[in-house]
Amino acid sequence: MKVQINGEMRDFEAPMSVLQLLTVMNLPSQKIAVELNLEIVPKSAYHSQMVAASDRIEIVHFIGGG
Amino acid sequence: MGLDDRQIERYQRHLLLKEIGGPGQQKLSDAKVLLIGVGGLGHPVAQYLVAAGIGTLGLVDDDVVSLSNLQRQTLFSETDIGHSKVAVATKALNRLNPHVNIVAHERRVDADNIAGLIADYNVVVDGSDNFATRFIINDACYEHRKILISGAVGRFDGQVSCFKAWLSDAEGTPLPCYRSLVPEAPETQEDCATTGIIGALTGVIGSLMAVEVIKEITGAGDSMAGRLLIYDGLSGAMRTVKLNWDPKNPNNGKQD
């Protein structure tokens with residue numbers, strides 16, 4: 001299935017959870033939030049939230065500067 | 001207490017707005033806002049809130065002015081280097097609007113002093129520069145039911161939200177708090193000193209935070225509670241996304 005991540009189309013094998021996506025992409029879940037179709041996915045839902053074809057995903061980095 | 005002639009002239013552009021007007025201006029002058037962090041975000045927040053005629057603005061910071069601050073902290077000048085940020089900012093803000101009561105808190109926020117610091121204020125603004133302080137502020141604002149306007153910057157990026165997680169949405173789901181976005185502090189310190197920051201970007205995000213403070217006080221428009229505004233300076237794009245309460249979140253009163 002094709003998914004848009006940070007504006008780029010990527011191809012993944014379905015079915016895939018948000019947690020699996022982070023693992024496949026080697027993204028550090030401690031430093032980022034996942035935005036799925038303009039909604040931040042709660043961290044406790046990473047295993048249950050499935051990614052679907054045509055989803056738009058943005059990786060939002062935590063920033064703490066002031 | 002109504003506005004005198006000088007105040008009517010000073011706040012004329014507010015008074016013209018149907019969302020603010022005389023009643024909104026009165027709410028602003030009755031409001032007490034605590035700003036934590038007199039840095040890149042704190043400067044525009046303080047300048048715009050003081051110019052807006054907020055009643056009381058508390059400033060919390062234990063740092064002194066350094067040369068590298070001047071790239072973005074516009075209330076300071078070279079002659080201020082080595083002096084207390086809070087003291088220098090208080091003087092500059094008093095010049096900007098002598099009607100605003102500026103309260104100086106020259107100290108660093110910690111888990112022991114936070115409750116006392118926020119007690120006298122209606123709204124808390126988080127412009128701090130580290131995750132540990134952000135969690136302390138979030139937890140105390142949740143416990144003591146203080147509206148929290150939170151902003152953060154790094155490199156070319158900025159984020160703004162409003163947290164009041166003791167309230168629920170129309171479906172009865174609690175609103176999110178800071179921990180709904182950042183459940184625990186990342187191991188690496190992502191502050192401006194280590195990652196770098198575009199000075200003007202702190203102006204963008206700090207100004208957005210000041211707008212949200214004014215909205216919360218006057219009731220104008222839609223609260224950012226439950227939403228996160230994300231500014232991507234490199235692409236020149238801004239978007240607002242939904243931020244949900246996380247049932248695993250320990251700070252919303254309910255846990256699985």
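Order of the sequence lines fixes the chain letters, A, B, ..., with proteins taken first and strands second; residue numbering starts at 1 for each chain. Every value quoted in this text rests on a predicted model; they were computed, and no experiment measured them.
The heavy-atom pair separating A:Ile63 from B:Asp157 by the smallest distance is CD1-O, 3.5 Å. The two residues A:Ala33 and B:Leu181 come nearest to each other via the heavy atoms CB-CD1, 4.1 Å. Residues B:Phe131 and A:Gly64 come closest through the heavy atom pair CZ-N, 3.6 Å. Nearest heavy atom pair, residue B:Lys248 against residue A:Ser44, reads CG-CB, 3.0 Å.
Other residues, nucleotides and ligands contribute only 12 or fewer heavy atoms inside 6.0 Å of the CG atom of B:Asp222. Within 6.0 Å of CZ on A:Phe12 lie more than 12 heavy atoms contributed by other residues, nucleotides or ligands.
Remark: A:Leu38 CG to B:Lys242 NZ distance equals 12.0 Å, nearest 0.5 Å. Taken to the nearest 0.5 Å, the CZ atom of A:Phe62 stands 12.5 Å off from the CZ atom of B:Arg134.
A:Glu39 places no side-chain N or O within donor-acceptor distance of the main-chain N or O of B:Asn244, the cut-off being under 3.5 Å.
With a 4.5 angstrom heavy-atom cutoff, B:Ile205 does not touch chain A via any of its atoms.
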Show the numbers, then the answer: is there a side-chain contact (heavy atoms from CB on, under 4.5 Å) between A:Glu58 and B:Arg239? CA-CA 11 Å; A:Glu58 295 280 339; B:Arg239 66 187 188 282; 3.4 Å; yes
Carefully, step by step, assess A:Lys43 and B:Asp246 under the rule side-chain contact (heavy atoms from CB on, under 4.5 Å). CA-CA 7 Å; A:Lys43 195 145 276 186; B:Asp246 190 333; 4.0 Å; yes
Dump the intermediate steps for side-chain contact (heavy atoms from CB on, under 4.5 Å) on B:Leu228 and A:Glu35, then the final yes or no. CA-CA 11 Å; B:Leu228 174 71; A:Glu35 176 195 325; over 6 Å; no
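In terms of non-hydrogen atom pairs under 4.5 Å with chain A, the most contact-rich of B:Ala185, B:Gly37, B:Pro183 is B:Pro183.
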